Amino acid sequence: MVEPLADLSPIEKLSPRVIRILGGNPSKFTLQGTNTYIIGTGPSRLLIDTGDAKPAWLTSLQSVLASENISIEKALLTHWHHDHIGGVPDLLSVLPKTSVHKHDPQEGWSDIEHNQVFKVEGATLKAYHSPGHTKDHMAFVLEEEDAMFTGDNVLGHGTAVFEDLATYVASLEGMATQFKGRGYPGHGPVIEDGAGRVKEYIKHRKERERQVVDVLRAKEGGCSAREIVEVIYKNYPRDLWGPAEMGVVQILKKLEGEGKVVLEEGKWRLSGKAAL
């Protein structure tokens, strides 16, 4: 069954150079809310993500700006989902000189390139293009802590959704080589063994793939993605079956691309190459 969520403070100093501000948008998909991070030790700092345009986030942001006597030099956005970029107008309403950066940017924003470095006093961030959750997804390595801001590719609780499984796993494998310290996720609490969690994610994805194949092997007549979900996720709440089905479909598409399954008349079946 799904474990209960840990309590997280709306504002919390996680290290001498990292402050987390929750987005004020808790839900079953965003967990305690979207994590946004202020990074650095000097008067001018970096911000990762901007939340979902909720008033609570802007109130918290203004509180930190005042208590720390700081401004935001650059806002770095991990990906295009609204709960990560929705607060940009609110940010600019109080700090209009802040520059906004994202891979594949909107008009008026600046691009983020793979391995691009962003520096402020006390913090150096290196961008790592890590498509999977979305095509534009960027993680950021915090060099002073050998840590990574993992965005939505790796969460502090549970597992993540993704657009393309093969691409996602490749990104996870690359992320695991970039750091050895903490993971600062897009949702959920800090991950103390960040690289270890990334490796757990890789292992989990491979295990889910094996489970899908096992279900198909037991169903000679084939079955739908939903029927696979009903077997693998039978002990999970039904309101999570929808997102789970999306993940199963991605597994099936990956296996189809490898020639291991076929879709016939709405049913997925193993092919001759599925001897895993």
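Since the structure is predicted, the reported quantities are computational estimates derived from the model, not experimental observations.
Side-chain contact check for Pro243 versus Phe29: some heavy-atom pair is nearer than 4.5 Å. Here the side chains of Ser71 and Leu65 are not in contact, with every heavy-atom distance at 4.5 Å or above. Taking 4.5 Å as the limit, some side-chain heavy atom of His129 sits within range of a side-chain heavy atom of Pro131. Contact annotation: the side chain of His81 approaches that of Thr134 to within less than 4.5 Å [non-hydrogen atoms, C-beta and beyond]. By the 4.5 Å heavy-atom criterion applied to side chains, Leu252 and Ile228 are counted as neighbours. Between Asp111 and His101, the closest side-chain pair of non-hydrogen atoms is not below 4.5 Å. Taking 4.5 Å as the limit, every side-chain heavy atom of Val198 sits out of range of all side-chain heavy atoms of Ile191. Between Ile11 and Arg20 there is no side-chain heavy-atom pair separated by less than 4.5 Å.
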Using the salt bridge (charged side-chain N to carboxylate O under 4.0 Å, His left out) rule, take Lys254 and Glu258 through it: C-alpha gap first, then chi angles, then the decisive distance, then the call. CA-CA 6 Å; Lys254 176 178 179 290; Glu258 296 168 353; 2.8 Å; yes
Passes salt bridge (charged side-chain N to carboxylate O under 4.0 Å, His left out), Glu68 versus Arg45? Steps please. CA-CA 11 Å; Glu68 298 283 329; Arg45 304 193 185 181; 3.5 Å; yes
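Listed for the Thr50 side chain is a donor-acceptor partner under 3.5 Å among the backbone atoms of Gly87. Using a distance-only test at 3.5 Å, with no hydrogens or angles considered, no donor-acceptor pair links the side chain of Asp52 to the main chain of Gly86. Using a distance-only test at 3.5 Å, with no hydrogens or angles considered, a donor-acceptor pair links the side chain of Gln32 to the main chain of Ala6. Within the 3.5 Å criterion, the main-chain N or O of His204 finds no donor-acceptor partner in the side chain of Glu207. The backbone N or O of Leu155 lies less than 3.5 Å from a partner atom in the side chain of Arg197, making a donor-acceptor pair. A donor-acceptor distance shorter than 3.5 angstrom exists from the side chain of Gln250 to the backbone of Glu163, with no hydrogens or angles considered. Of the possible polar contacts, one joining the Thr98 side chain to the Ile72 backbone as a donor-acceptor pair under 3.5 Å is found. The closest donor-acceptor contact from the side chain of Ser271 to the backbone of Val262 lies at 3.5 Å or more, if one exists at all. Side chain of Ser60 to main chain of Ala56: a donor-acceptor pair is present (N/O by atom type, distance under 3.5 Å, no hydrogens or angles).
Following chains of ILVMFWY side-chain contacts shorter than 4.5 Å, one cannot reach Trp241 starting from Val161, and the two form parts of different hydrophobic clusters. The hydrophobic cluster containing Ile19 does not contain Leu8, counting ILVMFWY residues as joined when their side-chain heavy atoms lie under 4.5 angstrom apart, directly or transitively. There is a path of hydrophobic side-chain contacts, each under 4.5 Å, that joins Val231 to Val212. Leu255 and Leu263 end up in the same hydrophobic cluster when Ile, Leu, Val, Met, Phe, Trp and Tyr side chains are linked at under 4.5 Å. Linking ILVMFWY side-chain heavy atoms closer than 4.5 Å, directly or via other members, places Leu240 and Val249 in two distinct hydrophobic clusters.
Side-chain N/O atoms of Trp57 and Thr36 include a donor and acceptor closer than 3.5 Å. At a cut-off of 3.5 Å, with distance as the only test, no side-chain donor of His79 or Asp49 sits close to an acceptor on the other residue.
Checked for salt-bridge contact, Lys199 and Glu173 miss the test: no charged N lies under 4.0 Å from a carboxylate O. We find that Lys206 and Glu209 are not joined by a salt bridge, their nearest charged nitrogen and carboxylate oxygen being 4.0 Å or further apart. The pair Lys102-Asp136 meets the salt-bridge criterion, with a side-chain N (NZ, NE, NH1 or NH2) lying under 4.0 Å from an Asp/Glu carboxylate O. In summary, Arg182 and Glu145 do not engage in a salt bridge, as defined by a charged side-chain N under 4.0 Å from a carboxylate O.
Scored by the side-chain contact (heavy atoms from CB on, under 4.5 Å) test, Lys267 finds Glu227, Arg269 as partners (sequence neighbours excluded). Legend: residues meeting side-chain hydrogen bond (donor to acceptor under 3.5 Å, both in side chains) with Ser130, ordered by chain and number and at least two apart, are His137. Residues satisfying the side-chain contact (heavy atoms from CB on, under 4.5 Å) test with Val117, not counting sequence neighbours, are Lys119, Thr124, Lys126. For Glu245, the side-chain hydrogen bond (donor to acceptor under 3.5 Å, both in side chains) partners two or more places apart in sequence, or in a different chain, are Arg226.
His187 pairs in a side-chain hydrogen bond (donor to acceptor under 3.5 Å, both in side chains) with only one of the listed residues (Thr30, Asp83, Asn35), which is Asp83.
Contact record, Met148 with Ala139: SD-CB, 3.9 Å, taken as the closest heavy-atom pair. The heavy-atom pair separating Pro43 from Glu121 by the smallest distance is CD-OE1, 3.9 Å. Scanning both residues, Thr41 and Pro16, for their nearest heavy atoms gives CG2-O, 3.7 Å. Across all non-hydrogen atoms, the minimal contact from Ile70 to Gly42 is CG2-O, 3.5 Å. Shown here for Cys223 and Val215, the closest heavy-atom pair between the two residues is SG-CG1, 4.2 Å. When all heavy atoms of Ala53 and Asp90 are compared, the pair lying nearest together is CA-OD2, 3.8 Å.
Around the CG atom of Asp7, the shell of radius 6.0 Å holds no more than 12 heavy atoms that belong to other residues, nucleotides or ligands. For Glu264, the CD atom sits in a packed shell: over 12 heavy atoms of surrounding residues, nucleotides or ligands are nearer than 6.0 Å. Heavy atoms from other residues, nucleotides or ligands lying under 6.0 Å from CG of Asn69 number 12 at most.
Seen from the ring of Tyr233, Arg208 counts as a face-on cation partner, given the 6.0 Å and 45° thresholds.
In the hydrophobic clustering, where aliphatic and aromatic side chains (Ile, Leu, Val, Met, Phe, Trp, Tyr) are joined below 4.5 Å either directly or transitively, Ile85 groups with Leu77, Val88, Leu92, Val100, Trp109. Side-chain contacts under 4.5 Å among hydrophobic residues (ILVMFWY), followed directly or transitively, place Val190 together with Leu14, Val18, Tyr37, Ile39, Leu46, Ile48, Leu76, Ile112, Phe118, Val120, Leu125, Met138, Phe140, Leu142, Phe149, Tyr184.
With rounding to the nearest 0.5 Å, the separation of OG1 in Thr78 from NE2 in His103 is 12.5 Å. Considering NZ of Lys219 and OG of Ser224, their distance stands at 9.5 Å, rounded to 0.5 Å. A distance of 5.5 Å separates CG of Leu31 from CG of Leu5, quoted to the nearest 0.5 Å. Note that the OG1 atom of Thr34 and the CD1 atom of Ile21 stand 12.5 Å from one another [nearest 0.5 Å]. In this structure, CG in Leu61 is found 7.0 Å from CG in Leu47, a value given to the nearest 0.5 Å. A distance of 6.5 Å separates OH in Tyr128 from OG in Ser171, rounded to the nearest 0.5 Å.
Separation of the His133 and Tyr168 ring centroids does not fall under the 6.0 Å cut-off.
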